[in-house]
Every structure is written in C-alpha cells, then in structure tokens.
There are 2 protein chains.
Amino acid sequence: MSGQDNVRPDTARRVLAAVEELGYRVHAAAASLASGRTRVLGVIVVSTDRYSSAALGVGIQQAAAANGYTVSTAAVADHASAEAFLEAFDRLERQGAEGIILGVPLELESPAMRARTERTPATRSERTSLEEDAPLAVDQRAIARLAVEHLLDLGHKTVWHVSGDDYWTETQQRSEAWEQTLRDRGIVPPPLIPADWTPESGYRAGRTIAAIPEATAVFVSSDEMAFGLIRALHEAGRSVPDDVSVVSVDDIALAAYASPALTTVRQPFEAMGRAAALRVIAQIEGHEAVGEMPSTDPQLIVRSSTAPPRSVS
Amino acid sequence: MSGQDNVRPDTARRVLAAVEELGYRVHAAAASLASGRTRVLGVIVVSTDRYSSAALGVGIQQAAAANGYTVSTAAVADHASAEAFLEAFDRLERQGAEGIILGVPLELESPAMRARTERTPATRSERTSLEEDAPLAVDQRAIARLAVEHLLDLGHKTVWHVSGDDYWTETQQRSEAWEQTLRDRGIVPPPLIPADWTPESGYRAGRTIAAIPEATAVFVSSDEMAFGLIRALHEAGRSVPDDVSVVSVDDIALAAYASPALTTVRQPFEAMGRAAALRVIAQIEGHEAVGEMPSTDPQLIVRSSTAPPRSVS
DNA sequence: TTGTAAGCGTTATCAG
DNA sequence: CTGATAACGCTTACAA
C-alpha cells in the first residue's frame with residue numbers, strides 16, 4: 001500500500017483487493033503516531049474577510065495539496081496580542097502541524113518565537129520584509145516606491161499617504177519608503193494620514209484629503225481604502241483623477257471596476273501563499289526548494305485613477 | 001491534566017509542576033488514537049478569493065474554536081466535478097475530521113454522499129435550500145423575492161435578472177424565485193441573463209442590459225457582478241439609478257462604497273458559518289444544539305442604486 | 001485517591 | 001519476498 005517495490009505483483013494485487021473489499025482505510029492518527037509524521041501544515045490567520053487573506057489561502061492550499069500536505073487553520077482576532085498568536089502557534093503544534101505559516105504580523109525574531117521555530121519551522125506568508133526572509137518575500141518598500149514614483153513622474157509636486165493599520169509591519173515599511181522616496185527627490189513629506197485598511201477608514205481619510213486644496217496625489221495603502229477615499233473625494237466635489245490622483249495597493253478583483261478604475265500596485269497574493277507553503281515544506285523536508293518558486297514581485301497596474309495634475313496637463 | 005476532580009490538590013499541583021518543568025505536551029495523534037476523538041472539523045471550500053468564502057470561514061473558525069475544535073480545510077478547484085468533492089471529503093475523513101462542512105454545491109442526497117454522511121456528519125455551510133436542511137439555512141428564494149419586490153414596489157414594470165454561476169445550487173433557486181415573484185404579479189419574466197459571479201461577467205451582462213432601452217430594473221445575483229454591471233451601464237451612458245435601478249446580493253464590505261452605493265440583500269455570512277459549524281458539532285456530539293443558533297435571515301439594505309423609474313418619478 | 005496494564009492502528013525492523 | 005513483533009504516546013478501565 002505504501003508503494004514499495006519489494007513485493008511480488010501477485011501479493012500486491014491480493015492485498016489491494018482485500019483493501020477494496022473490506023473498505024480499509026489507514027487511520028491517520030495511528031499512522032502518524034507510528035511514523036512520527038503528520039503531513040499537516042498549520043496556518044495562523046487573523047480573523048478577517050479581507051481579500052488578501054482569502055487569496056493567500058488559495059495559494060497555500062494549492063502548494064500544500066500538490067505536495068501531499070493538509071492544512072489546518074487557526075484564526076486569531078484582529079489586533080490580537082502577541083500572546084494570542086503564540087497560543088495559536090502552540091495549538092497548531094500540539095495538533096501536529098509540522099510547519100507553520102504566519103499570516104499575521106508576528107515577529108519571528110522574538111525569543112518566544114525563536115524557541116518555537118527551533119522545533120517547528122515557520123515562515124511569514126505575506127508582507128515579509130526582505131531582511132527577515134531573504135529573496136521570496138514581497139518588498140513592501142518597492143511597493144511604496146513604485147506608487148510614489150508613478151505619481152511624481154506624472155508631474156505631481158508631492159504625494160500624500162494614507163497608511164494601513166499600524167498593527168501590521170508592512171504599514172511602517174511602506175510609510176518609510178514613501179517618505180524616503182519623496183526625500184530622495186528633495187521633497188519634504190506632508191503629514192501622514194493614518195487609517196486601518198477598512199473602506200470606512202479610507203472614507204475618513206478622504207474627507208481629510210478633500211479639505212486640503214493643494215493635495216493632488218495620494219498613495220493609499222490598500223484598494224479597499226481607495227474605494228472609501230474616492231467616495232469621500234467625490235462627495236466633496238473633487239474629481240479623481242482630474243483633481244486628485246490616487247494609487248493604491250493590492251489589485252483586488254474589484255479594483256478594475258471601481259469608478260474610476262484603480263491604478264494600483266499588484267501584490268501577487270496567490271503566488272505569495274504558494275511561495276510561503278513551499279518554503280515551509282522545504283524546511284520540513286530539509287531540502288532547499290520544492291518545485292519552482294513563484295515570483296512575488298509587486299507590479300504597478302496603471303488604470304484610470306491617476307493622471308497628470310491639472311496645472312501641468 | 002484532563003481537569004478531573006478526583007485528585008488530591010497537592011498531587012495535581014505536583015503533576016502540573018512537572019508538566020511545566022519538562023515542557024510536556026500531549027501528543028495529539030497518540031491521544032486521538034487512544035480516545036478515538038480528534039476534535040477536528042473538516043471544511044471543503046472551492047478555491048476562490050470571493051468575499052463570501054472568506055466571511056463564511058471566519059464564522060466557522062469562531063464557532064469551532066469556541067467549542068474546542070480545530071479546523072482543517074480542503075480546497076477543490078472551482079467547477080470541480082462531484083468526484084473531486086467526494087475525494088476531498090475522503091481526504092478530510094481519513095485525516096480524522098469528525099464532521100464536515102461543505103462550502104460547495106455538493107448534493108447531500110446522492111448515494112455516494114449518503115454513504116459518507118452515515119459515518120461522518122456533514123452539512124452545507126451556505127446557500128442551503130430550506131428543504132435540505134430545515135430552519136438554519138439561508139432561504140435563497142427569500143433573497144430573490146426581497147430584491148424583486150423592492151424593485152416592483154418602486155414602480156418598475158418588470159425586473160431583469162443577471163444570475164450567478166449555474167454550478168451553484170442557489171443560482172437556480174434565485175432564478176426560480178425571481179421568475180415566480182414576477183408571475184405572481186402577473187408579469188411575464190424577460191429572458192434571464194446568465195453570468196458567473198465574477199465582476200467581468202457582470203460587466204458583460206451590463207453591456208447586454210445597456211442595449212435594451214426598456215430595461216429599468218435589474219436584480220444581479222452578487223455585489224461583485226453589480227460592480228461590473230454598473231461600470232458597463234455607465235460606459236453606455238446609462239445612469240444608475242436614474243435610468244436603471246440595480247439590486248444585488250451579499251452586502252460585501254465594499255458594497256456601501258460602490259458608485260452609487262449598492263442596494264443589496266445582505267447574506268449574513270459569518271452567522272451562516274457559525275451556524276453550520278454549530279450544526280455539525282451538535283451532530284458529532286449527538287445533542288440538539290450548541291450555544292444559541294445565530295439567525296441567518298437575509299435582509300434588504302436600501303442604498304443608492306435603486307430609485308423609481310423615470311416615467312414615474 | 002492513586003497505580004497498573006491493556007489496548008488504540010499503524011510503521012519499521014528483523015529474522016526467516 | 002514474507003511474516004512476526006516491538007514500539008509510537010496516549011486513554012481508560014480496573015485493581016489496589
């Protein structure tokens with residue numbers, strides 16, 4: 001049954017026939033008790049219905065299935081404490097997960113995490129900084145740079161920034177890169193406008209922006225927020241992109257159907273999920289890589305929410 | 001350790017101290033081999049990044065965690081065959097799932113499924129017809145009725161329908177109810193316009209509708225499609241809701257931020273997920289219900305994409 | 001209240 | 001190539 005070849009064909013046939021006849025099925029718990037392997041991948045996610053989590057999940061599932069792994073998910077509340085994450089980690093470990101993918105902003109470098117990752121491999125799925133986990137992560141700084149430079153190249157004098165939830169590490173990384181990119185061009189960054197990923201928070205940020213006549217270009221940290229932001233701008237009588245250009249991040253399925261269609265920096269969530277899963281699997285099995293690693297480079301998608309500023313056009 | 005009370009306090013303390021000191025943790029596989037229980041819930045989902053799946057998932061996780069269950073997910077490709085679903089079911093069973101939630105249009109009544117559900121309880125998570133699984137499912141017919149009647153009550157002469165993917169059972173149920181509701185008011189239903197849940201398909205349907213001057217009211221089977229549809233209408237120079245009213249289904253997070261904000265029939269996905277999980281858990285544990293059952297009634301949310309027809313207003 | 005022992009259903013090793 | 005047997009780490013029933 002395990003597919004070894006030191007069995008007489010006839011015997012194998014007889015065994016398989018018996019399996020069929022008796023409806024025999026291996027008992028996973030017994031098998032993993034005996035073999036010491038579970039082939040279970042754990043995933044920690046924050047309890048959210050955001051597009052990014054869902055898309056990430058399909059990538060993870062895909063890679064897991066392709067390699068004979070099964071995935072077990074533990075959800076923690078949004079904004080949960082580090083302790084809650086560690087607890088989820090322990091739950092997953094106890095349940096037999098051989099490797100764990102963190103879809104949450106859990107610092108891999110803390111002592112508590114270090115202790116854990118020594119016995120069971122773990123990786124940040126998305127939004128990992130380049131330093132933390134070399135060449136497979138999505139470079140959040142590149143995302144911000146792509147967005148800001150697109151706007152600047154269009155002729156805008158400066159770029160405002162609506163950031164995501166502070167809780168997430170990529171928020172800070174993008175903010176820093178936004179600031180840096182502006183400074184590199186000799187521009188003093190305007191004050192940052194904080195938000196929290198939700199369309200509602202984007203809407204609120206939009207009202208703030210609308211009250212600033214000189215704001216002509218905005219870099220918003222997610223498409224979801226961009227929807228809210230644009231709505232607020234329209235309500236204030238400011239046209240997008242004629243009065244203000246906006247570029248966001250993610251390229252969710254609906255981005256192309258916003259009014260106007262969003263110019264956005266695509267994050268390849270599925271590929272990121274696949275890459276994360278392949279990475280832990282490689283660690284579990286102790287080799288370098290499984291299959292080919294999907295590319296996770298962010299990409300600027302230019303649509304209709306950006307244009308040169310009025311004065312220039 | 002199992003929390004029984006027939007132990008001298010002092011002994012318990014000593015045991016717990018040892019647990020702590022040695023870093024002892026129960027081995028789940030060994031435990032479930034011995035006890036015959038895994039406390040694992042299986043979920044079969046189609047591999048998609050749609051909002052509904054994600055939201056459903058958070059509900060399932062919530063109820064599972066609250067009852068000490070862990071969830072294991074198996075993804076199947078969208079439009080997969082019934083065999084693929086059955087295979088996923090088997091995979092989950094083999095892995096020890098004590099109950100399975102189907103987030104897919106798998107007929108529970110087929111002989112193959114019957115054979116399986118006899119040994120491990122299963123339930124359709126979402127989109128279940130009332131007949132199949134009495135009072136906890138979402139009544140797809142009520143959804144269609146709510147939408148169509150709202151439009152008719154506004155004064156529209158008839159209502160066109162853009163349906164979801166045929167693959168899903170709720171598609172047919174909604175189409176039937178749309179048709180029935182019209183007939184009940186003595187209206188002959190116009191031809192149905194088929195689509196497949198994606199914004200793209202909604203866009204295509206929108207072009208079709210735009211070419212029909214007498215169409216003033218549309219019932220679209222998902223918010224995602226409504227985004228595409230409205231975009232197409234606008235491109236054709238038809239205003240929403242002035243020229244055509246549209247009501248959709250789901251009330252996704254972005255529905256309120258569409259232009260115009262969508263009038264939609266809300267499906268309480270999280271509650272549905274919670275209800276589904278509670279249902280299987282109840283079956284597993286052999287009692288009637290665990291905790292209070294969340295209500296899963298659909299609800300019409302009136303926003304700005306509907307209005308009386310021009311001729312009437 | 002505590003200690004003991006018999007499984008649970010596999011895998012893996014080893015002698016034939 | 002085949003068959004027998006000892007773990008794997010826990011739960012549970014029962015004896016003390």
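If you're wondering where the values come from, they're calculated on a predicted model, not measured in any experiment. Labels below follow one simple rule: chain letters A, B, ... track the order of the sequence lines, proteins then strands, and each chain is numbered from 1.
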Nearest-nucleotide wise, let me know which of B:A12 and B:A34 is further upstream toward the 5' end of DNA chain C. B:A12
A:L33 CG to D:dA6 P, straight-line distance once rounded to whole Å: 17 Å
Interatomic distance, A:R94 CZ vs D:dC10 P [rounded to whole Å]: 13 Å
Would you say the side-chain atoms of B:R174 pair up with the backbone N or O of B:R141, donor to acceptor, closer than 3.5 Å? no
Are B:R50 and B:S222 linked by a side-chain donor-acceptor pair shorter than 3.5 Å? no
Without decimals, in angstroms, what is the distance between A:R37 CZ and C:dG9 P? 23 Å
Looking only at heavy atoms, which two atoms of B:V249 and B:S221 are closest? And how far apart? CB-O, 3.4 Å
Can you measure A:D10 atom CG to D:dT2 atom C1' for me and round it to whole angstrom units? 13 Å
To the nearest Å, how far apart are A:R14 CZ and D:dC1 P? 14 Å
Looking only at the side chains, is there a donor atom on one of B:S72 and B:Q95 sitting less than 3.5 Å from an acceptor on the other? yes
Would you list the pairs meeting ring pair (Phe, Tyr, Trp, His ring centres under 6.0 Å) in which at least one residue belongs to residues 18-51 of chain B, sequence neighbours left out? none
Using a strict cut-off of less than 4.0 Å between a Lys/Arg side-chain nitrogen and an Asp/Glu carboxylate oxygen, indicate whether B:D10 and B:R14 qualify as a salt bridge. yes
Is there a side-chain hydrogen bond (donor to acceptor under 3.5 Å, both in side chains) between A:R37 and A:S32 once you walk through the steps? CA-CA 5 Å; A:R37 300 237 22 209; A:S32 71; over 6 Å; no
Bending between helix ends of the helix from C:dT1-D:dA16 to C:dG16-D:dC1 [5 pairs per end, 10° resolution]: 40°
Please figure out whether A:S35 or B:T11 has its closest DNA chain C nucleotide nearer the 5' end. B:T11
Are A:R39 and A:E285 ion-paired here, with the side-chain N under 4.0 Å from a carboxylate O? yes
Using a heavy-atom distance cut-off of less than 4.0 Å, which residues of residues 22-31 of chain B contact DNA chain C? none
